[in-house]
Chemist: 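I am attaching a structure below and will ask some questions about it afterwards.
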Amino acid sequence: MSQTVDRALSILPLLAEGPADLGQVADRLGVHKSTALRLLRTLHEHGFVYRQSDQRYRLGARLFALAQEAMENLDIREIAHPHLVRLNETCGHTVHLAVHEEGEVLYIDKVDSRYPVRMYSRIGKPVAITVAAVAKLLLADLPEPERRAVAEKLDYPLYTARSTPNADAFLRELAKVREQGWATDLGGHEESINCVAAPVRGADGRVVAAMSVSAPNVVVTSDELLALLPLVRRTADAISGEYSGRTPVKDPA
């Protein structure tokens, strides 16, 4: 298996030099054409290579998309982390950074609360997409037809009495979030947890990530958490400025 993976991966730098036919790939790998063809077919099925009309192979669009996605997510986390830490030091509550990938919204960074009562969220774990504030921001930025298509495919678990009940309600909430430029989850996932979130935007103005501050209501009330919204938005703007290459906004202390 490891030899098969090694051979398949060896095809990619070859095609990075330019399109190659089956014979060239087989010669470079030192294998029979039938073996090279099996490897190419597998890579083609995953979108990593593409067979042209002249029967030569080149790198596939999926490979470029993955590379771009990985770079963007790595960059945004690296850029955002110091800002998240400073925000956490200022307010003391749990701070998250999330992105939208492959139909899910995932946490890619977290700074824990300094208070004894903490959230059990984990980096890499999908959020509750129909109620989470970060998810609302990321989905609200989608074009309307795509937004509607996503909403109609989702299930709507009633985590609490405040959970989003159906697609129509979710679309109304996304429209509101899109207009106001921030989002909340006030007991929609867990009755005792509230959250406020703001978008991180790229150079084109599109939302590339969302950051949030969350706290249990035994630590702060929802109104007290909402009072932090200007600070959260300024922090998100600072991250956006640095990420997009604009003059960074000074991060609030």
Chemist: Does a side-chain N-to-carboxylate-O contact under 4.0 Å join Asp75 and Arg77?
Modeler: no
Chemist: Mind listing the closest non-hydrogen atom pair of Ile129 and Ala135 along with its distance?
Modeler: O-CB, 3.4 Å
Chemist: I'd like to know if the side chain of His46 reaches the main chain of Phe48, judged simply by a donor and an acceptor atom lying under 3.5 Å from each other, with no hydrogens or angles considered.
Modeler: no
Chemist: Which heavy atom of Ser163 sits nearest a heavy atom of Val131, and at what distance?
Modeler: CA-CG1, 3.9 Å
Chemist: Give, for atom OG of Ser212 and atom CH2 of Trp182, the distance between the pair rounded to the nearest 0.5 Å.
Modeler: 14.0 Å
Chemist: Do Ser113 side-chain atoms and Tyr115 backbone N/O form a donor-acceptor pair below 3.5 Å?
Modeler: yes
Chemist: Could you tell me whether Arg148 and Glu144 make a salt bridge, using a distance below 4.0 angstrom between a side-chain N and a carboxylate O?
Modeler: yes
Chemist: Does either side chain, that of His96 or that of Ser121, offer a donor lying less than 3.5 Å from an acceptor on the other one?
Modeler: yes
Chemist: Calculate, to the nearest 0.5 Å, the distance between atoms OG and CG belonging to Ser222 and Asn217 respectively.
Modeler: 8.0 Å
Chemist: Quick check for you: to the nearest 0.5 Å, what is the distance between Leu174 atom CG and Leu142 atom CG?
Modeler: 8.5 Å
Chemist: Is the shortest side-chain N to carboxylate O distance from Asp204 to Arg206 below 4.0 Å?
Modeler: no
Chemist: Would you find a donor on one side and an acceptor on the other, under 3.5 Å apart, between the side chain of Glu104 and the backbone of Glu101?
Modeler: no
Chemist: Is a salt bridge present between Arg28 and Glu17, judged by a nitrogen-to-oxygen distance below 4.0 Å?
Modeler: yes
Chemist: With a 3.5 Å distance limit and no angle check, can you tell me whether Lys136 reaches the backbone of Thr184 through a side-chain donor-acceptor pair?
Modeler: yes
Chemist: With heavy-atom distances below 4.5 Å as the criterion, would you say the side chains of Thr94 and Lys110 are in contact?
Modeler: yes
Chemist: Is Leu171 linked to Val177 within one hydrophobic cluster, defined over Ile, Leu, Val, Met, Phe, Trp and Tyr using a side-chain heavy-atom separation of less than 4.5 Å?
Modeler: no
Chemist: Do Leu15 and Arg58 come within less than 4.5 Å of each other through their side chains, counting heavy atoms only?
Modeler: no
Chemist: Can you name the one residue among Val111, Val232, Val219 that meets side-chain contact (heavy atoms from CB on, under 4.5 Å) with His93?
Modeler: Val219
Chemist: Indicate, with yes or no, if Leu59 and Tyr57 share a hydrophobic cluster defined by side-chain heavy-atom contacts under 4.5 Å among Ile, Leu, Val, Met, Phe, Trp and Tyr.
Modeler: yes
Chemist: Take Val85 and Glu89, measure what side chain to side chain contact (heavy atoms under 4.5 Å, CB included) needs, and give me the verdict at the end.
Modeler: CA-CA 6 Å; Val85 170; Glu89 290 171 347; 3.5 Å; yes
Chemist: Between the side chain of Thr35 and the main-chain N/O of Val31, is any donor-acceptor distance below 3.5 Å?
Modeler: no
Chemist: Grouping I, L, V, M, F, W and Y whenever their side-chain heavy atoms are under 4.5 Å apart, do Leu87 and Ile108 come out in a common cluster?
Modeler: yes
Chemist: Does a salt bridge link Glu191 with Arg162, judged by any charged N lying under 4.0 Å from a carboxylate O?
Modeler: no
Chemist: Apply side chain to side chain contact (heavy atoms under 4.5 Å, CB included) to Val95 and Asp109, showing your working.
Modeler: CA-CA 8 Å; Val95 182; Asp109 204 359; over 6 Å; no
Chemist: Hey, is OH on Tyr50 packed in by over 12 heavy atoms from elsewhere, all under 6.0 Å?
Modeler: no
Chemist: If you compare all heavy atoms of Pro157 against all heavy atoms of Thr130, which two are closest, and at what distance to 0.1 Å?
Modeler: CD-OG1, 4.2 Å
Chemist: Hey, can you tell me if Phe170 and Tyr156 have their rings parallel, tilted or perpendicular (30° and 60° cut-offs)?
Modeler: perpendicular
Chemist: Looking only at heavy atoms, what is the nearest atom pair of Ala151 and Ala167, with distance?
Modeler: O-CB, 3.6 Å
Chemist: Taking all non-hydrogen atoms of both residues, which atom of Ala183 and which atom of Ala133 are closest, and how far apart?
Modeler: CB-O, 3.5 Å
Chemist: Please round to the nearest 0.5 Å and tell me the distance separating atom OG1 of Thr221 and atom CG of Asn194.
Modeler: 8.0 Å
Chemist: With the side chain counted from C-beta on, respond yes when Arg51 and Gln55 share a heavy-atom pair under 4.5 Å apart, and no when they do not.
Modeler: yes
Chemist: How long is the straight-line distance from CZ of Arg233 back to CG of Leu229, given to the nearest 0.5 Å?
Modeler: 6.0 Å
Chemist: Using every non-hydrogen atom in the two residues, find where Ala215 and Val220 come nearest and quote the distance to one decimal.
Modeler: CB-CG2, 3.6 Å
Chemist: Output, in order, the C-alpha distance, side-chain angles, deciding distance and verdict of side chain to side chain contact (heavy atoms under 4.5 Å, CB included) for Val200 and Val207.
Modeler: CA-CA 6 Å; Val200 176; Val207 176; 6.0 Å; no
Chemist: Quick check: is Val127 connected to Ile123 through a chain of hydrophobic side chains (ILVMFWY, heavy atoms under 4.5 Å apart)?
Modeler: no
Chemist: So, Glu102 and Arg62, do they make that salt bridge, N to O below 4.0 Å?
Modeler: yes
Chemist: Nearest 0.5 Å please: distance from the CZ atom of Arg86 over to the OG1 atom of Thr235.
Modeler: 8.5 Å
Chemist: After noting the C-alpha distance and the side-chain angles of Leu225 and Leu228, does the key distance pass the side chain to side chain contact (heavy atoms under 4.5 Å, CB included) rule?
Modeler: CA-CA 5 Å; Leu225 190 66; Leu228 294 174; 4.0 Å; yes
Chemist: Given the rule that I, L, V, M, F, W and Y join up when any side-chain heavy atoms are under 4.5 Å apart, are Ile239 and Val213 in one cluster?
Modeler: yes
